[in-house]
Amino acid sequence: MRQAHVRRRRLDPASTVHTPQAEQPPLLRRIAGWIRPGGRFVATTGHGAWTGTEQNWLGGGAPMWWSHVDAATNRAWITEAGLTVEHEEFLP
């Protein structure tokens with residue numbers, strides 16, 4: 001995982017689906033530590049478990065690598081990191 005240096009402030013939306021699954025729980029714990037009290041974390045996560053490459057992603061000619069777990073595991077990891085899930089929505 002690449003090092004991320006973030007000032008303590010409100011975070012912009014983030015995605016964990018391009019991070020290897022084994023690295024996602026520690027990353028979520030780090031993110032929880034970056035958010036100041038009252039801040040929000042908006043995450044894009046996977047809905048179903050899958051790791052692989054999607055060729056020609058969005059027609060742009062480049063492959064996109066994905067690694068995500070199912071929604072229940074994402075919810076558990078987010079909660080275990082000390083964050084609260086306030087809203088969850090599936091968009092196919």
Side-chain angles (χ1 to χ4, degrees):
M1 177 170 55
R2 301 269 190 256
Q3 286 290 330
H5 301 283
V6 177
R7 293 183 195 169
R8 292 184 64 83
R9 63 177 183 89
R10 291 181 187 253
L11 289 178
D12 293 328
S15 175
T16 61
V17 296
H18 307 291
T19 303
Q21 290 177 19
E23 296 179 20
Q24 290 178 27
L27 175 60
L28 288 166
R29 288 191 297 273
R30 290 182 66 202
I31 289 170
W34 296 335
I35 301 171
R36 67 181 179 183
R40 303 241 182 216
F41 171 56
V42 178
T44 300
T45 64
H47 180 70
W50 183 68
T51 296
T53 302
E54 190 173 341
Q55 299 299 325
N56 195 29
W57 187 64
L58 295 179
M64 179 63 71
W65 184 80
W66 305 88
S67 181
H68 46 83
V69 295
D70 61 86
T73 303
N74 277 310
R75 192 177 316 106
W77 286 353
I78 290 168
T79 303
E80 289 166 6
L83 300 166
T84 302
V85 177
E86 293 183 358
H87 179 78
E88 182 178 338
E89 187 173 342
F90 172 66
L91 302 172

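Screening residues 43-61 for salt bridge (Lys or Arg N to Asp or Glu O under 4.0 Å) gives no qualifying pairs among residues at least two apart or on separate chains.
Contacts of Thr73 classified as side-chain hydrogen bond (donor to acceptor under 3.5 Å, both in side chains), with partners at least two apart in sequence or in another chain: Asp70.
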Table please: side-chain donor-acceptor pairs of residues 81-92 below 3.5 Å, with sequence neighbours left out.
residue: Glu86; atom: OE1; partner: Arg40; partner atom: NH1; Å: 2.2
residue: Glu86; atom: OE2; partner: Arg40; partner atom: NH1; Å: 3.3
residue: His87; atom: NE2; partner: Glu89; partner atom: OE1; Å: 3.1
residue: Glu88; atom: OE1; partner: Arg75; partner atom: NE; Å: 2.8
residue: Glu88; atom: OE2; partner: Arg75; partner atom: NH2; Å: 2.9

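At least one donor-acceptor pair under 3.5 Å links the side chain of Gln24 to the backbone N or O of Thr19. At distances below 3.5 Å, not a single donor-acceptor pair connects side-chain atoms of Glu80 with backbone N or O atoms of Leu28. A donor-acceptor pair is defined here as one N or O able to donate and one able to accept, closer than 3.5 Å; no such pair exists between the side chain of Asn74 and the backbone of His47.
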For side chain to side chain contact (heavy atoms under 4.5 Å, CB included), just list the numbers for Thr45 and Trp77, CA-CA rounded to whole Å, side-chain angles, deciding distance to a tenth of an Å, and then say yes or no. CA-CA 11 Å; Thr45 64; Trp77 286 353; over 6 Å; no

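Think of Val17 as one node in a network of Ile, Leu, Val, Met, Phe, Trp and Tyr side chains linked at under 4.5 Å; its network also takes in Trp50, Trp57, Leu58, Met64, Trp66.
Nearest heavy-atom pair, Pro63 versus Gln55, reported as atom, atom and distance to 0.1 Å: CB-OE1, 3.6 Å. Residues Gln21 and Thr51 approach most closely at NE2-OG1, 3.0 Å, considering heavy atoms. In terms of heavy atoms, Pro26 sits closest to Ala22 at CD-O, 3.6 Å.
To the nearest 0.5 Å, atoms OG (Ser67) and CD (Glu23) are separated by 9.0 Å.
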